[in-house]
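Hydrogens, waters and symmetry mates are skipped; everything else that's a heavy atom, side chains included, is used.
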Amino acid sequence: MNSEEKNQRKIRSFVLRKGRLTKGQQRAMELHFPRLGLEFKKELYDFKAIFEREAPVVLEIGFGMGKSFAEQARDQRDHDFIGIEVHNPGVGACLVLAEEYELENIRVINHDAVEVIEHCIPDHSLDRIQIFFPDPWHKKRHHKRRIVQTEFCQKLHKKLKPGGVLHLATDWENYAEHMLEVLQPMPEFKNLSETDDYVPRPESRPLTKFEVRGQNLGHGVWDLMFSAK
């Protein structure tokens, strides 16, 4: 690798914005992150030891402000949830909800998802991976920044158990088409759609206020679910 290649910036699927935490978010971080947070280290997590039980494990990449993520953990207490989010206020907001919902079945990671997947998640350990409403990078020249790419999906496949599900959702039709174009040809996955494209929103994905507002304005939302072969 020459010096020019070494100096090229790594393409990221997100813009790192630290942001300011509210007093409530800061309090939740100080009070709950030591127990419900996972530090990034280049070593594999042991989910059974972390949650002190054996249960299906769901990984969500980019949970935003954490409302949908926390609601899933509240409604599926027989599952364990790992959430990755790079933005501090989102992690803090999620921990506020964890306290409100009295959640013990979540852990949050404040780090780049690509590095967490690569270094921390054991192979064939996940029952479900979720990526809901990722940044669409809607300008064509930015499409390379979209997180749903063949190489990344190959890495995700390695982390899923056989029969485990990759669940994607977006409110950008162009991105939905892109997701389908990436996943459909991959021999590692099987499309769970009866029409070989999209699936109706499953009950496991909560309907957000943003989504309801969009539907009222006639905006669409596309869900894709693929099982690991």
Side-chain angles (χ1 to χ4, degrees), residues 12-122 125-136 147 159 167 169 171 203-214:
R12 291 192 179 273
S13 62
F14 59 89
V15 177
L16 187 59
R17 298 183 300 272
K18 281 295 181 185
R20 296 189 58 154
L21 280 72
T22 66
K23 288 182 179 179
Q25 291 167 358
Q26 184 65 47
R27 172 189 168 278
M29 287 288 282
E30 293 169 359
L31 196 61
H32 300 301
F33 193 85
R35 182 170 55 91
L36 299 180
L38 294 177
E39 297 292 348
F40 170 76
K41 296 178 182 178
K42 291 187 177 182
E43 57 188 48
L44 296 175
Y45 296 136
D46 181 343
F47 297 137
K48 188 175 179 180
I50 288 168
F51 291 102
E52 299 181 341
R53 67 172 184 174
E54 199 152 355
V57 179
V58 179
L59 174 73
E60 181 157 334
I61 296 172
F63 58 73
M65 298 306 283
K67 184 169 175 56
S68 169
F69 179 66
E71 287 177 352
Q72 288 178 86
R74 178 195 64 193
D75 297 341
Q76 301 173 59
R77 293 183 186 266
D78 58 339
H79 285 58
D80 292 327
F81 287 81
I82 305 280
I84 305 174
E85 177 54 55
V86 291
H87 304 310
N88 288 6
V91 176
C94 184
L95 292 174
V96 169
L97 291 170
E99 179 179 18
E100 179 183 339
Y101 297 158
E102 299 180 341
L103 300 178
E104 296 295 333
N105 62 329
I106 72 164
R107 296 296 185 272
V108 294
I109 306 167
N110 187 200
H111 197 77
D112 174 12
V114 174
E115 292 189 344
V116 173
I117 293 290
E118 186 172 346
H119 298 292
C120 305
I121 307 299
S125 64
L126 302 174
D127 293 81
R128 193 163 77 234
I129 298 176
Q130 304 176 163
I131 308 177
F132 297 156
F133 306 103
D135 193 325
I147 194 168
K159 306 306 173 182
H167 181 187
D171 56 348
E203 290 186 7
S204 61
R205 183 174 73 74
L207 195 64
T208 66
K209 288 182 180 177
F210 169 80
E211 193 173 348
V212 171
R213 186 161 61 245

Taking the basic N atoms (NZ, or NE/NH1/NH2) and the acidic carboxylate oxygens, is any pair closer than 4.0 Å for Asp80 and Arg107?
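Not counted as a salt bridge, because no side-chain N and carboxylate O are separated by less than 4.0 Å.
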Can you tell me how far [atom2] of [Y] sits from [atom1] of [X], rounded to the nearest 0.5 angstrom?
| X | Y | atom1 | atom2 | result |
| --- | --- | --- | --- | --- |
| Ser125 | Leu59 | OG | CG | 8.5 Å |
| Ile121 | Lys159 | CD1 | NZ | 7.5 Å |
| Ile117 | His111 | CD1 | NE2 | 11.5 Å |

Side-chain contact, heavy-atom cut-off 4.5 Å: [X] with [Y]?
| X | Y | answer |
| --- | --- | --- |
| Ile61 | Phe132 | no |
| Gln72 | Phe81 | yes |
| Glu60 | Ile82 | no |
| Arg128 | Gln130 | yes |
| Phe63 | Val108 | yes |
| Ile147 | Asp135 | no |
| Met29 | Leu21 | yes |

Validation: residues 93-103 side-chain donor-acceptor distances under 3.5 Å, sequence neighbours left out:
residue: Glu99; atom: OE1; partner: Arg27; partner atom: NH1; Å: 2.9
residue: Glu99; atom: OE1; partner: His32; partner atom: NE2; Å: 3.4
residue: Glu99; atom: OE2; partner: Arg27; partner atom: NH2; Å: 3.1

Closest approach of [X] and [Y], non-hydrogen atoms and distance?
| X | Y | answer |
| --- | --- | --- |
| Pro134 | Ala169 | CD-O, 3.4 Å |
| His79 | Val58 | CD2-CG2, 3.9 Å |
| Arg20 | Gln25 | O-OE1, 4.2 Å |
| Asn110 | Val86 | ND2-O, 3.1 Å |

Arg205 and Glu211: CA distance, side-chain angles, deciding distance, salt bridge (charged side-chain N to carboxylate O under 4.0 Å, His left out) verdict
CA-CA 11 Å; Arg205 183 174 73 74; Glu211 193 173 348; 2.7 Å; yes
Residues 36-47 side chain polar contacts: donor-acceptor under 3.5 Å, at least two apart:
residue: Tyr45; atom: OH; partner: Glu39; partner atom: O; Å: 3.0
residue: Asp46; atom: OD1; partner: Lys48; partner atom: N; Å: 3.2
residue: Asp46; atom: OD1; partner: Ala49; partner atom: N; Å: 3.2

Kindly say whether Gly64 contributes a backbone atom to a donor-acceptor pair with the side chain of Glu85 at under 3.5 angstrom?
yes
I'd like to know whether Arg53 forms a side-chain contact (heavy atoms from CB on, under 4.5 Å) with Asn105, so could you lay out the CA-CA distance, the side-chain angles of the two residues, the decisive distance to 0.1 Å, and finally the verdict.
CA-CA 10 Å; Arg53 67 172 184 174; Asn105 62 329; 3.7 Å; yes
